[in-house]
Amino acid sequence: MSSSLLSTLQLPLKPIPGDCGHTFFGPFRDRLAYFYNEGRDKFFENRIQKHKSTIFKTNMPPGPLIASCPRVVCLLDAVSFPVLFDTSKVEKRDVLDGTFLPSLAYTGGHRVCAYLDPSEPKHTSLKTFILSTLSARHHKFIPLFQTGLSELFNELEAQISSKKEAYFNTLSDTMSFNYVFRLFCDKSPSETRIGFKGPKLVDKWLLFQLAPLGSLGLLPNLLCYLEDILLRTFTFPFFLVKSDYKKLYDVFYEFGSSVLDEAESKFGIERDEACHNLVFLADFNAYGGMKVLFPGLIKWVALAGQKLHKKLADEIRTTVEVEGGVTLSALNKMVLTKSVVYEYLRIDPPVPFQYGKAKVDFVIQSHDAAFEIKKGEMIFGYQPFATKDPKVFENPEEFVADRFVGEGEKLLKYVYWSNGRETEETRAGNKHCAGKDLVVQLCRVMVVELFLRYETFEVESGTFMFAPSVTFKSLTKVSSP
């Protein structure tokens, strides 16, 4: 080992524990444990206990035959996890979905920005284009979202009135797709040839790319083995969704013309490539993220109970009255509301996985030891363990609504949901989520609009594939004065 590596050591250097097993049977064993025999969180907990370490080697799905090299170095603490943001040490090329890359046919034959490492020349131009597109539309963020939330809440109330319950996910998906399309294309999708089919078209396109990473949550039995074979032997062929993707591409190409004009004239990006990046940004990054983001937010706020609901309602209504509306200034003054959103992103980050491949040999540290990472090794981080590190957060498994109020704001540097620290800025030269600030803003607006309209609410929650599933059971409207 080089002297430069030795000089960085502050803790005893240890070999990385863990046994990945046989090239074929090891990954198969681990993915059965991960999806069925143990479950995702228990899979990691059991290996931490077994190895007495938050850093160890294991296999991550999907494994053979889809991913030829599923072996990873797993990082499960707040100290080691941020190396995945350090692009001087870690390459982010083609690792968005982990140890495999879906066929580029799903993105028109292009490696879109999300698949690029910042060292690749196209990354800077594409991400700058994305940041510019978002910046030019910042004045639409709140009013467009308020319109969508009003439509969503009206439908929630109607369904609860007629059916005594309302499934939130479907309504949220419709609202999210409409919002994203209106934001980038200045038109409701119902006024285009895709009509009201947008969410279903995107869901199918997303599912066919990400199916090897998902599960219906079956218990260990013959059905789970059948599911494993169906989802993780071969990737789904693109031709099954080719017509669906073309419909999406065509409407973004037609109605996103102002965005594409800027991509060509200002950033020198060919129109076809820009459109495929726009579809990916809108449908994979934005809509796909919102499918998980909003149901998760509603679940955790609902579970926090009426005492928190009363505190949020008081803060929100008082601030909105003083500020004269739901403005950016008003949102920034709602300290409890801000903390609630950050606490949700800490305890249940919507995108829980991060991957990167070591560019060089380097030493990484956990709380207890140091380990040498070799160039070319795949590094994997499971965010919910890093952001629930008991050596950083008190009562880490508990949803503490005011955790980030006052002095608690200092802990925001350990909130990693956006492929970077919450305290760091998104730039063209890093892999921080381009919509990081927008995501936080929309979550705040959802909480605000919810408690401007309702006193409290109750839900039933579960999990389906990649997202929480939420069903509203009751809504208590604000009483008229």
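Computed from a prediction, not measured in an experiment: that's the story for all the values here.
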Per-pair distances, 0.1 Å, donor-acceptor, side chain in residues 211-218, under 3.5 Å, sequence neighbours excluded:
residue	atom	partner	partner atom	Å
Ser215	OG	Gly217	N	3.0
Ser215	OG	Glu227	OE1	2.9

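Shown here are the salt bridge (Lys or Arg N to Asp or Glu O under 4.0 Å) partners of Glu262, two or more places apart in sequence or in another chain: Lys266. In this structure Lys247 satisfies the salt bridge (Lys or Arg N to Asp or Glu O under 4.0 Å) test with no other residue, sequence neighbours excluded. Residues that satisfy the side-chain contact (heavy atoms from CB on, under 4.5 Å) test with Thr23, not counting sequence neighbours, are Arg71. Asp97 is linked by a salt bridge (Lys or Arg N to Asp or Glu O under 4.0 Å) to nothing, counting only residues two or more places apart in sequence or in another chain. By the salt bridge (Lys or Arg N to Asp or Glu O under 4.0 Å) test, Asp77 pairs with no residue at all, sequence neighbours left out.
Asp368 has its side chain within reach of Lys391: a pair of non-hydrogen atoms, C-beta onward, lies under 4.5 Å apart.
Separation of the Phe294 and Phe168 ring centroids does not fall under the 6.0 Å cut-off. Taking the six-membered ring where the residue is Trp, the centroids of Phe85 and Tyr416 are separated by under 6.0 Å. Between Tyr115 and His123, the distance separating the two ring centers is not shorter than 6.0 angstrom. Here the two rings, on Tyr382 and Phe385, have centers that are under 6.0 Å apart. A distance below 6.0 Å separates the ring centres of Phe380 and Phe44.
One finds the CG atom of Leu131 at 8.5 Å from the SG atom of Cys113 (value rounded to the nearest 0.5 Å).
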